[in-house]
There are 2 protein chains.
Amino acid sequence: MKSIDRPTMKDVALRAHVDISVVSRVLSQDPRLSVTAATRARVENAVRELSYSPNRSARALRTSKSGLLTFVLPQIANPLYLRMVSGAVQKAKDLGYQLVVAELTHAAEQLREYQASGIDGILLATGGLDEDQLGEWMEGQMPVVVVNRTLENSENWSSVDYPRAATLAADHLGSLGHRHVMVLTGPEKLPGWSARSDAFRAVLGDHETVEIRASGLYADQGYAAAAEILARRQGETAVFVTSMMLAVGLLKGLRESGVSVPEDLSVIALHDDDLANYVSPPLTTVALPMYQLGQLSVAQLVNMIDDKKEGPIVVTDPPQLVVRGSTGPPGER
Amino acid sequence: MKSIDRPTMKDVALRAHVDISVVSRVLSQDPRLSVTAATRARVENAVRELSYSPNRSARALRTSKSGLLTFVLPQIANPLYLRMVSGAVQKAKDLGYQLVVAELTHAAEQLREYQASGIDGILLATGGLDEDQLGEWMEGQMPVVVVNRTLENSENWSSVDYPRAATLAADHLGSLGHRHVMVLTGPEKLPGWSARSDAFRAVLGDHETVEIRASGLYADQGYAAAAEILARRQGETAVFVTSMMLAVGLLKGLRESGVSVPEDLSVIALHDDDLANYVSPPLTTVALPMYQLGQLSVAQLVNMIDDKKEGPIVVTDPPQLVVRGSTGPPGER
DNA sequence: TTGAAAGCGCTAACAC
DNA sequence: GTGTTAGCGCTTTCAA
């Protein structure tokens, strides 16, 4: 399959009766441009008439910038990341980049591959790695933004406002009358994660709060955690889950154990997805602006590529409480 | 942020005491290579010592092949497509390509953009467009594979074996004792879709089968269809749903109408996802090899790019019945 | 304000 | 079997 020859800058130059370099200047919107209005118009006409668009490979070679960003995900088939990717795709397009997706497999060798592959920067979404493992990524010469978590030894991260979201969840449970609440959270003792439970406890828990760690972030690990929750429960009337898919699994576990939600136990989770409507009972959540997180992370990365200073990003769009059926007053039964 | 200068082919050539063109030949594994074993070894050593990897932009410019494939999706945030994308990413990497993801928005203008953006080919997953709308994509000079559906006027499509999957579903319901079954299917009268219900009817339905068309393929449209299903139901004891997310919504609709599944009505759906475990009752499905579909579609596309003849692809990995809680004998209550 | 020219790193046709 | 060379399409310095 052969693609028809597209017009080059030379063709445009010929048609506009100018030198190819003039075309280049007009197209690159050089700030200190020195082009007559007339010349510029001729060039722009020629571009339009030929429906010329620059050859990305040539530009990439010349400028040593590929115009490619890679979004590295722990596993693509995870609904949690989809809105983020969607936002990232949109923003990348706006900024003239294309977004390549990749799955994180062998961290170390993979980084080398990326460096070899000529991409301009990396978005790294991988809550599971600790800061040591992340080290080699951050120290490489390639711009990297770690998405959806905080970092202590680097400013190259972006996140949504988990403390605020956790506070919203705590307020909701508090206003319902809950005083004793368990926390179901992710597997690792990572800074981003403890921030979620800490903020939560700051509102609700002057007393001791039982915190259960699931062994992962997916529904099956939430399902597995149900048993531990029930075993360690001592009068708690609600569970705060720090990541939605865990709650989806938990709901199933509780159902099978004959615990009714929310009469016996209320459940609220961070992150929202259409899916929350379809579990039973529908899951009360705090929705977080993941689409915007994707967008802003790309913007941040591109700034790094352009050598503009850029600190960490926290998306300011406020989290939204979405009340569905899984929360209610305590001990209603 | 400045990336350190990577070694070029020239550096390798210098170190191996050969001409740059020899390096090129060794690296491109030219079939009719004419290189001494010794020279080849020297080159390979130099490559290793410098950890050289070719500059993709330069190669792209020279060969006018970017090494980029774009996967166009109707909406990224749809679990249905995830495994496909995952398989495609994996295969693309194996074949030396990178996979760019994009969302389908304005079909017409977008195609032009792709042509301008220098990608080598397109995977198009968009069950919603009819063959006319697809026309401009197929007729362009760019290789396009339409993924997950059949086409009548083109061979450039790939699909899983929906008829076989539908047959599996029908067999399951049949062996359970169901004789009167409704079909809930997608919105359009597309060839790929009628194949699903036709195959199903071939097994079960000598008699007339009521077919309900949902207005989309997502859970909310399945939810909306519940009312119509119940209104038009005349003794049917099961529903065959041609796409999983519809069934997820349907289950909720039935639950809210007080219909118990599977006692009052069995539900079985095409496509499987972990999610099916977490709805209530767990959904019986026929799992389809979507990961392999992603892989094979990429292979097919790359063959087109390489001018190798390639007909349509139907993934041969067999569909698998996954019995969960939503199917049972009719009228058990 | 515009033109000329070099060269980014690589491949491939051709010469030796 | 190996080297020479032209040039892919573009950006950018320098000269006019």
Side-chain angles (χ1 to χ4, degrees), chain A residues 2-44 46-47 50-67 96 115-118 120 306, chain B residues 2-44 46-47 50-67 96 115-118 120 306:
Chain A
K2 198 133 288 164
S3 57
I4 293 169
D5 284 345
R6 297 202 287 125
T8 74
M9 211 168 244
K10 200 172 163 190
D11 299 321
V12 176
L14 243 45
R15 183 176 254 263
H17 303 290
V18 292
D19 188 83
I20 170 177
S21 63
V22 175
V23 179
S24 177
R25 274 171 229 147
V26 171
L27 262 58
S28 61
Q29 331 193 158
D30 195 319
R32 70 235 197 292
L33 34 52
S34 38
V35 186
T36 331
T39 330
R40 160 179 299 274
R42 285 214 312 287
V43 170
E44 284 168 348
V47 165
L50 297 173
S51 57
Y52 165 81
S53 61
N55 179 315
R56 294 181 76 114
S57 303
R59 179 175 285 177
L61 175 58
R62 184 56 232 235
T63 61
S64 24
K65 292 205 174 312
S66 63
Q115 282 166 188
S117 74
D120 295 337
D306 294 344
Chain B
K2 197 133 288 162
S3 57
I4 292 169
D5 283 346
R6 297 202 287 124
T8 74
M9 211 167 242
K10 200 171 162 191
D11 298 322
V12 176
L14 241 45
R15 182 176 255 263
H17 304 290
V18 291
D19 188 84
I20 170 178
S21 65
V22 174
V23 179
S24 177
R25 271 170 231 147
V26 171
L27 261 58
S28 61
Q29 335 193 157
D30 194 320
R32 70 237 198 293
L33 33 53
S34 37
V35 186
T36 335
T39 332
R40 158 179 301 274
R42 284 215 311 288
V43 170
E44 284 168 348
V47 165
L50 298 173
S51 56
Y52 165 82
S53 61
N55 179 314
R56 293 181 77 116
S57 304
R59 180 176 283 176
L61 175 59
R62 181 60 231 231
T63 61
S64 27
K65 291 206 175 311
S66 63
Q115 282 166 187
S117 74
D120 296 337
D306 294 342

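Protein chains get the first letters and strands the later ones, always in sequence-line order, with residue 1 at the start of each.
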Engineer: Hey, which of B/Val12, B/Val22, B/Val18 is the one that makes side chain to side chain contact (heavy atoms under 4.5 Å, CB included) with B/Arg42?
Structural biologist: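 It is B/Val18, the one option of B/Val12, B/Val22, B/Val18 that forms the side chain to side chain contact (heavy atoms under 4.5 Å, CB included) with B/Arg42.
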
Engineer: Counting side-chain heavy atoms from CB outward, which of C/dC10, D/dC10, D/dT12 is closest to B/Ala58?
Structural biologist: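 Between C/dC10, D/dC10, D/dT12, the one nearest the side chain of B/Ala58 would be C/dC10.
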
Engineer: Would you mind classifying the nucleic acid contact of A/Thr8 as base, sugar-phosphate or nothing, using non-hydrogen atoms under 4.0 angstrom?
Structural biologist: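 Sugar-phosphate: the residue A/Thr8, judged by heavy atoms under 4.0 Å, touches backbone atoms but no base.
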
Engineer: If I take atom CE in residue A/Met9 and atom P in nucleotide D/dT12, what distance separates them, rounded to the nearest angstrom?
Structural biologist: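 In whole Å, D/dT12 P lies 10 Å from A/Met9 CE.
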
Engineer: Without decimals, in angstroms, what is the distance between B/Leu61 CG and D/dA6 P?
Structural biologist: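 About 18 Å, once rounded to whole Å.
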
Engineer: When we call it a touch if two heavy atoms are under 4.0 Å apart, what does A/Thr39 touch: a base, just sugar-phosphate, or nothing?
Structural biologist: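 Contact class for A/Thr39: sugar-phosphate only.
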
Engineer: Among the candidates C/dT2, D/dC10, C/dA12, find the nucleotide nearest to the side-chain atoms of A/Pro54.
Structural biologist: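 Closest nucleotide to the A/Pro54 side chain: D/dC10.
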
Engineer: Can you tell me how far C1' of C/dG3 sits from NZ of A/Lys10, to the nearest Å?
Structural biologist: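 My rounded result for the distance is 15 Å.
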
Engineer: D/dG9, D/dT11, C/dT11: which one has an atom nearest the side-chain heavy atoms of A/Arg59?
Structural biologist: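 Of the candidates, D/dT11 comes closest.
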
Engineer: Would you indicate what B/Thr36 reaches in the nucleic acid, counting non-hydrogen atoms under 4.0 angstrom: base, sugar-phosphate, or nothing?
Structural biologist: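 Sugar-phosphate contact only - B/Thr36 comes under 4.0 Å of backbone atoms but never of a base.
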
Engineer: Would you kindly give the CZ-to-C1' distance between B/Arg25 and C/dC10, to the nearest whole Å?
Structural biologist: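 Nearest whole value for this atom pair: 13 Å.
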
Engineer: Could you tell me whether the phosphate oxygens of D/dT2, OP1 or OP2, come under 4.0 Å of any side-chain nitrogen or oxygen in B/Ser21?
Structural biologist: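 The answer is no; no side-chain N or O of B/Ser21 sits under 4.0 Å from OP1 or OP2.
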
Engineer: So does B/Ser24 get a side-chain nitrogen or oxygen closer than 4.0 Å to the phosphate oxygens (OP1/OP2) of C/dT11?
Structural biologist: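 Yes, because at least one side-chain N or O of B/Ser24 sits under 4.0 Å from OP1 or OP2 of C/dT11.
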
Engineer: Rounded to whole angstrom units, what separation is found between the CZ atom of B/Arg56 and the P atom of C/dT11?
Structural biologist: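 Nearest whole value for this atom pair: 12 Å.
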
Engineer: How many Å lie between CZ on A/Arg62 and C1' on D/dC10, as a whole number?
Structural biologist: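 One finds 7 Å between C1' of D/dC10 and CZ of A/Arg62, rounded.
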
Engineer: Looking only at heavy atoms, which two atoms of B/Ala58 and A/Leu61 are closest? And how far apart?
Structural biologist: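 Shortest heavy-atom contact: CB-CD1, 3.6 Å.
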
Engineer: In the structure I gave you, are the side-chain heavy atoms of B/Ser24 and B/Met9 within less than 4.5 Å of one another anywhere?
Structural biologist: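 Yes, their side chains come closer than 4.5 Å.
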
Engineer: CD1 of A/Ile20 versus C1' of D/dT11: gap in Å, rounded?
Structural biologist: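 Result: 9 Å.
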
Engineer: Between A/Asp19 and B/Asp19, who's closer to the 5' end of DNA chain D by nearest nucleotide?
Structural biologist: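 Upstream on the strand: B/Asp19.
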
Engineer: Kindly give the heavy-atom pair with the smallest separation between B/Asp11 and B/Thr8, and that separation in Å.
Structural biologist: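 Of all heavy-atom pairs spanning B/Asp11 and B/Thr8, the closest is OD2-N, 2.8 Å.
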
Engineer: Do B/Arg56 and A/Ser66 get their side chains close enough for a donor-acceptor pair, meaning under 3.5 Å?
Structural biologist: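 On atom types as modelled, these side chains do not qualify, holding no pair under 3.5 Å.
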
Engineer: Can you tell me the distance, in whole Å, between the OH atom of B/Tyr52 and the P atom of C/dG9?
Structural biologist: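 Distance, rounded to whole Å: 10 Å.
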
